[in-house]
A.B. asks: 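Dropping a structure here in structure tokens format, bear with me for questions.
Values reported hereafter were calculated over all heavy atoms of this structure, with side chains retained and with hydrogens, waters and symmetry mates removed.
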Amino acid sequence: MSQASLSEKTADTMRDRYRMSFANDFAPQFRYEQMPGAEERVAYAAEFAAYRLGQIDEKLGRLIAILERRAV
């Protein structure tokens, strides 16, 4: 197997893993026959925003740690 096809296969695997992870990260429990009220939808949106900000914070923390190790 060539290096290019191995890299493409690895990239596809990683892409699929991320897609699955992103799809499963936040799934509010809505029943389509009984949509929640505005207050509940706002609460779900706030929860999602907080979760995503936490993910960004975690990734930035790792990036800063890597950059600090390189600086030393």
Side-chain angles (χ1 to χ4, degrees):
M1 186 177 278
S2 72
Q3 185 67 25
S5 63
L6 180 61
S7 296
E8 289 174 17
K9 185 175 181 180
T10 302
D12 289 341
T13 302
M14 290 176 60
R15 193 174 304 114
D16 291 342
R17 185 183 64 183
Y18 281 119
R19 283 183 186 148
M20 190 178 348
S21 174
F22 293 152
N24 294 330
D25 282 344
F26 179 76
Q29 302 299 316
F30 288 160
R31 290 186 178 178
Y32 293 103
E33 62 273 2
Q34 293 181 326
M35 283 298 288
E39 290 177 359
E40 194 172 346
R41 290 194 311 265
V42 168
Y44 281 127
E47 180 183 347
F48 178 71
Y51 173 80
R52 295 304 297 167
L53 286 172
Q55 294 294 308
I56 292 168
D57 186 51
E58 181 181 318
K59 290 177 183 180
L60 286 174
R62 283 189 259 156
L63 178 62
I64 290 169
I66 290 169
L67 291 174
E68 286 175 345
R69 276 187 265 142
R70 276 193 154 178
V72 173

A.B. asks: Once rounded to the nearest 0.5 Å, what's the spacing between atom CD1 of Ile56 and atom OH of Tyr51?
C.D. replies: 11.0 Å

A.B. asks: With Arg69, which residues qualify under side chain to side chain contact (heavy atoms under 4.5 Å, CB included), at least two apart?
C.D. replies: Ala65, Ile66

A.B. asks: Mind checking what makes salt bridge (Lys or Arg N to Asp or Glu O under 4.0 Å) contact with Asp12, not counting sequence neighbours?
C.D. replies: Arg15

A.B. asks: Not counting sequence neighbours, which residues clear side chain to side chain contact (heavy atoms under 4.5 Å, CB included) with Glu58? List them please.
C.D. replies: Gln55, Arg62

A.B. asks: Which distance, rounded to the nearest 0.5 Å, do you find between the CG of Asp57 and the CD1 of Ile64?
C.D. replies: 8.5 Å

